[in-house]
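Only heavy atoms go into these numbers, but all of them, side chains included; no hydrogens, no water, no symmetry mates. This one's a predicted model, so the numbers in the text were calculated from it and none came from an experiment. Below, read A as the first sequence line, B as the second, and so on, with proteins coming before strands; counting in each chain starts at 1.
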Amino acid sequence: MARAYWLVKSDPDTFGLAHLRASPRRTTSWDGVRNYQARSLIRDRMREGDGVLFYHSGQRPPAVVALAEVVGRAYPDTTQFEETHAGYDPASTPAHPRWYAIDVRLVEELPRPVTLPEIRATSGLEDMVLLKRGRLSVQPVTPAEWRTVVALGRRRSERRA
DNA sequence: GCCAACGTTGGC
DNA sequence: GCCAACGTTGGC
């Protein structure tokens with residue numbers, strides 16, 4: 001099966017590129033997702049080796065800042081069973097977990113961020129889920145979109161306003 | 001800090 | 001099953 005591509009959003013104050021870089025083996029458990037659509041993508045679609053655009057939301061401007069990859073397969077998100085955790089779900093049981101997590105490893109920090117305004121303005125990216133459905137925290141990216149975003153992020157020359 | 005978009009909850 | 005109220009996300 002061909003490699004698939006994804007975009008994951010994170011708030012850099014909560015868990016951003018700096019945290020990912022500092023994680024053991026530059027790998028983290030992508031947990032805490034409590035949206036059914038995102039859950040289904042994590043659990044049913046994401047595969048070892050898939051490419052991940054690491055996106056910082058909640059900063060100005062929001063931007064894709066790094067490339068990552070999926071490690072292994074999804075597993076039940078243990079935070080759903082922890083009563084003290086913000087993502088605690090009393091309706092979920094270990095036998096029938098509702099929420100899933102997956103490991104993500106940092107592969108490459110982009111020389112320059114690819115900002116949301118730039119994505120909006122780039123031909124070929126107008127159909128990105130990022131622009132169509134603003135609040136989905138894990139979303140699919142097409143191979144063409146992946147190539148375009150990666151090329152922009154690796155471009156060394158300064159961006160012209 | 002504001003607020004629009006939109007997913008989720010719950011009354012009926 | 002409908003839909004209004006509510007809560008959260010995330011751009012600005």
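- The nearest whole Å value for the distance from the CG atom in Asn35(A) to the C1' atom in dG10(C) is 14 Å.
- The ring pair (Phe, Tyr, Trp, His ring centres under 6.0 Å) pairs that include a residue from residues 60-105 of chain A are Tyr36(A)-Trp99(A), where partners are two or more places apart or lie in different chains.
- For the pair His56(A) NE2 and dG10(C) P, the interatomic distance rounds to 13 Å; values are reported in whole Å.
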Extract all donor-acceptor atom pairs below 3.5 Å that involve side chains of residues 56-67 of chain A and protein atoms in other chains or at least two apart in sequence.
unit_1	atom_1	unit_2	atom_2	d
His56(A)	NE2	Leu17(A)	N	2.9
Ser57(A)	OG	Ser10(A)	O	3.4
Gln59(A)	NE2	Pro61(A)	O	3.2

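- For Arg60(A) and dC2(B), the CZ to C1' distance is 11 Å, given to the nearest whole Å.
- Side-chain N/O atoms of Lys9(A) include none lying less than 4.0 angstrom from OP1 or OP2 on dT9(C).
- Remark: Arg105(A) pairs with Glu69(A) by the side chain to side chain donor-acceptor pair (under 3.5 Å) rule, at least two apart or across chains.
- Not counting sequence neighbours, the partners of Tyr5(A) by the ring pair (Phe, Tyr, Trp, His ring centres under 6.0 Å) test are Trp146(A).
- Residues satisfying the side chain to side chain contact (heavy atoms under 4.5 Å, CB included) criterion with Val129(A), sequence neighbours excluded, are Arg133(A), Leu136(A), Gln139(A), Pro140(A).
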Please list, pair by pair, any protein nitrogen or oxygen found under 3.5 Å from a nitrogen or oxygen in nucleotides 6-8 of chain C.
unit_1	atom_1	unit_2	atom_2	d
dT8(C)	O2	Arg135(A)	NH1	2.5

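- When the side-chain nitrogen and oxygen atoms of Tyr55(A) are compared with OP1 and OP2 of dG11(C), one or more of them lie within a distance under 4.0 Å.
- When rounded to the nearest whole Å, the span between CG of Leu130(A) and C1' of dT9(C) equals 13 Å.
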